[in-house]
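These notes concern the structure reproduced below.
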2 protein chains.
Amino acid sequence: MQSRTPATRASGRPRSATADAAILAATREALVELGWSKLTLGDVATRAGVAKTTLYRRWAGKNELVVDAVAELFDELRLPDCGTLAADIEGVVLQFAAILARPEAKSGLMAVIAESIRDDALRERIRASIVDRQKRLVLDGRARAQARGELPPTDPEEAARTVDLIFDMVAGTVVHRTLVSARPADEVWVRAFTRLLLQGLTASP
Amino acid sequence: MQSRTPATRASGRPRSATADAAILAATREALVELGWSKLTLGDVATRAGVAKTTLYRRWAGKNELVVDAVAELFDELRLPDCGTLAADIEGVVLQFAAILARPEAKSGLMAVIAESIRDDALRERIRASIVDRQKRLVLDGRARAQARGELPPTDPEEAARTVDLIFDMVAGTVVHRTLVSARPADEVWVRAFTRLLLQGLTASP
DNA sequence: CCATTACGCTACGACTCGTAGCGAAACCGC
DNA sequence: GCGGTTTCGCTACGAGTCGTAGCGTAATGG
């Protein structure tokens, strides 16, 4: 979404909002049927019922389009309040895993992340529209656990550093399980993962 | 490497082994300079000094070629014996992070994993030549730690299940840190990660 | 020496890309 | 209503890549 500042807004025919929605939906549909590599902008345009040139007027290319299409999948992500830190983690990880289980997320997410390695602007777009919203859940969850007394209090500076680490552990582990090991992150697995994350390897069973 | 079973081996001109090495090296070179998306087989062939048709005789396509080229990067991965579990983990994670820091690994690994989502044969190829070797390090490291008495003994069945989880946590976290968060997995970070992995979130500082 | 396989080279149709140009449509302020 | 402005749909285009076929040559083994 390239937000058009009201200052820049001039008179003229406005862009169709329904076209935006149709294009993004068509992109996800094409991701499911064709996957990333065989997805073409011409095909998406046909599916959405718009001209190919309209796509190029709004997005720089395939990468940016897919980022926006996939980002909408993560809109539903919420931090539940289940009473304990363990339950909160299990709840949010299960939501995350459910999104990653959808074929349009699998096909699109890894591909755009791979592309972002040589494209800083794309990485920033992914960070702003996908990653940061996930990281906020970790931040909020940790703050809530400290308020409950489940975690030892730390100074804010130390906490910020740790949140980055925890975030990489949670998101990275679930992504690896789902996309590399290609096995489902179901309730049994999430429980074992949460226990390991909270208690560590050295804890006795 | 499509191993030719000696039974199938017939007479005729043998395939050039030096050509194989030149092609894989050229592939990594192209990955560094062009990245995954702009890498073409015609370009690789030119760099390697072979004909484009030779490439297609040995590999089914871009995906399989890059898997083999990237797999060689992980040959150097070894499990050190540093005396303690914590030191062993830090050592192997630092090696893994060093490989992932190389641009040819960054550009190629995520891309082929993304492709493998819609291609089971490719996923199997990645598993056999890249993932399984990494997982073996976790398996050996855990066995050694139990022999030292650093981990509580578990029955072999339970251990196998846990190794999968630990592997996803270690590999997933390092990959996410390096490729998604795009920050270096240096010694300071690895120490903090190891501590969290061993002691868990609830441990007091 | 002969069968067999790999190699280098060229050429090819099919496809996708991203852009340009055009007329028509939709919205603004006057 | 009436210009000015922007978007839209459509068509067409050169450029680039793909994967394959065909051919003559080079390197093995029996």
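Each chain gets a letter, A, B and so on, in the order the sequences are listed, and its residues count up from 1.
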Report, one pair per line, the protein and nucleotides 9-12 of chain C atoms (nitrogen or oxygen only) whose separation is under 3.5 Å.
| unit_1 | atom_1 | unit_2 | atom_2 | d |
| --- | --- | --- | --- | --- |
| C:dC9 | N4 | B:T53 | OG1 | 3.0 |

Problem set entry | A:R183 side-chain N/O to A:V180 backbone N/O, donor-acceptor pair under 3.5 Å | no
With sequence neighbours excluded, tell me which residues meet side-chain hydrogen bond (donor to acceptor under 3.5 Å, both in side chains) with [X].
X: A:S37; answer: B:E115
X: A:E104; answer: A:R102
X: A:K135; answer: A:D164
X: B:T54; answer: none

Roughly how many Å is it from [atom1] in [X] to [atom2] in [N], rounded to a whole number?
X: A:Y56; N: D:dG9; atom1: OH; atom2: C1'; result: 16 Å
X: A:K62; N: C:dC15; atom1: NZ; atom2: P; result: 17 Å
X: B:L55; N: C:dA6; atom1: CG; atom2: P; result: 15 Å
X: B:R15; N: C:dA6; atom1: CZ; atom2: C1'; result: 8 Å
X: A:R58; N: C:dG18; atom1: CZ; atom2: P; result: 18 Å
X: B:L39; N: D:dG16; atom1: CG; atom2: P; result: 17 Å
X: B:L65; N: D:dG19; atom1: CG; atom2: C1'; result: 15 Å
X: B:K38; N: D:dG16; atom1: NZ; atom2: C1'; result: 13 Å

Could you tell me whether the side chain of [Y] reaches within less than 4.5 Å of the side chain of [X], counting heavy atoms only?
X: B:F193; Y: B:R177; value: no
X: A:W189; Y: A:V174; value: yes
X: B:V92; Y: B:D88; value: no

For this session: For the pair A:E33 and A:R47, find out whether any cationic side-chain nitrogen is under 4.0 Å from an anionic carboxylate oxygen.
Result: yes
Do any N or O atoms of the protein come closer than 3.5 Å to N or O atoms of nucleotides 24-27 of chain D, and which pairs are they?
| unit_1 | atom_1 | unit_2 | atom_2 | d |
| --- | --- | --- | --- | --- |
| D:dA26 | N3 | B:R13 | NH1 | 3.2 |

